[in-house]
Amino acid sequence: MDYKTLIRDVPDFPKPGIVFKDITTLLKDGRALKAAVHDMLRACPADVDAVAGIESRGFVFASLLAYELGVGVILVRKPGKLPAETVSASYELEYGENVLHMHTDAVRKGARILVVDDLLATGGT
């Protein structure tokens with residue numbers, strides 16, 4: 001499947017000069033969504049303990065992959081979005097900086113975590 005034809009370019013979002021890749025056009029197509037998940041599954045290691053999804057579009061595919069793999073999903077969120085104690089990591093974007101948080105008890109020592117993010121936007125995270 002040619003996913004590029006199902007992803008909408010939004011110029012100058014979130015700021016001038018950035019071309020945002022809008023995956024909502026792919027997500028609303030059930031056939032394409034199913035194919036994308038199955039293509040991702042073929043690339044996933046079979047022995048992961050959980051799938052971590054990066055806010056917010058990463059949540060969609062992380063949840064679907066975790067379901068198919070029979071493992072749990074870990075939400076990695078922006079500051080102030082998780083209710084319990086968190087750990088954080090800072091990173092730079094093409095247009096600024098940001099921080100991601102996850103619960104301190106989200107990952108047990110030695111666990112194999114598959115990280116899912118949407119690198120289509122700008123590759124920032």
Side-chain angles (χ1 to χ4, degrees):
M1 179 162 298
D2 184 7
Y3 298 111
K4 289 180 184 179
T5 64
L6 297 167
I7 297 170
R8 173 177 31 213
D9 284 349
V10 181
D12 300 321
F13 183 83
K15 69 179 245 180
I18 302 293
V19 178
F20 185 84
K21 302 294 187 179
D22 179 13
I23 65 169
T24 62
T25 47
L26 181 147
L27 295 175
K28 71 180 185 178
D29 181 326
R31 193 170 119 304
L33 177 59
K34 187 172 186 173
V37 170
H38 285 277
D39 284 346
M40 285 186 239
L41 280 169
R42 282 193 281 283
C44 291
D47 58 347
V48 300
D49 298 304
V51 181
I54 309 291
E55 180 152 347
S56 66
R57 295 183 296 169
F59 295 169
V60 175
F61 288 109
S63 296
L64 293 168
L65 292 169
Y67 175 81
E68 290 292 331
L69 294 168
V71 298
V73 66
I74 298 165
L75 302 183
V76 180
R77 305 215 52 196
K78 293 177 182 162
K81 300 288 186 174
L82 293 171
E85 184 181 352
T86 63
V87 293
S88 65
S90 301
Y91 61 96
E92 291 186 28
L93 298 160
E94 293 174 15
Y95 50 87
E97 295 181 11
N98 212 338
V99 178
L100 292 173
H101 289 253
M102 73 177 192
H103 284 135
T104 56
D105 61 357
V107 178
R108 66 172 167 71
K109 186 175 182 165
R112 293 178 43 94
I113 308 299
L114 174 66
V115 178
V116 177
D117 191 10
D118 66 326
L119 296 179
L120 294 175
T122 61
T125 51

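All heavy atoms count here, side chains included; hydrogens, waters and symmetry mates do not.
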Taking side chain to side chain contact (heavy atoms under 4.5 Å, CB included) as the definition, give me every residue that meets it alongside V37, ordered by chain and number, with sequence neighbours left out. L33, L41, F61, L64, L65, E68

Atom of L69, atom of P45 and distance for their closest heavy-atom approach: CD2-O, 4.5 Å

To check you understand the geometry: which heavy-atom pair defines the closest contact between V107 and A111, and what is its length? CG1-CB, 3.9 Å

Kindly work out whether a path of hydrophobic side-chain contacts (I/L/V/M/F/W/Y, heavy atoms less than 4.5 Å apart) joins V115 to V87. yes

What are the two closest heavy atoms between L26 and I7, and how far apart are they? CD1-CG1, 4.3 Å

If you count heavy atoms of other groups shown closer than 6.0 angstrom to OH of Y3, is the number above 12? yes

Taking salt bridge (charged side-chain N to carboxylate O under 4.0 Å, His left out) as the cut-off, I'd like each qualifying pair that reaches into residues 103-114, sequence neighbours left out, listed once. D47-R112, D49-R108

Indicate if V48 and V73 have the same hydrophobic cluster label, given that clusters are the connected sets of ILVMFWY residues with side-chain heavy-atom separations under 4.5 angstrom. no

Linking Ile, Leu, Val, Met, Phe, Trp and Tyr by side-chain heavy atoms under 4.5 Å, what else ends up with L75? F59

Does one hydrophobic cluster hold both M1 and V60, with members joined at side-chain heavy-atom distances below 4.5 Å? yes

Transitively linked via ILVMFWY side-chain contacts under 4.5 Å: I54 with V99? no

G17 and D12: which non-hydrogen atoms are nearest, and at how many Å? N-OD1, 2.8 Å

Pairs involving residues 74-88, ordered by first then second residue, that meet salt bridge (charged side-chain N to carboxylate O under 4.0 Å, His left out) (sequence neighbours left out): E55-R77

Drop me the distance from H103's NE2 to I74's CD1, to the nearest 0.5 angstrom. 11.5 Å

Could I get the full list of side chain to side chain contact (heavy atoms under 4.5 Å, CB included) partners for T5, not counting sequence neighbours? D2

Can you hop from L82 to V76 via hydrophobic side chains spaced under 4.5 Å? no

Looking at F20 and F13, what are the two nearest heavy atoms and their distance? CB-O, 3.3 Å

Which pairs, with at least one residue in residues 27-38 and sequence neighbours excluded, count as a side-chain hydrogen bond (donor to acceptor under 3.5 Å, both in side chains)? none

Tightest non-hydrogen contact, residues A66 and G72, listed as CB-O, 3.6 Å

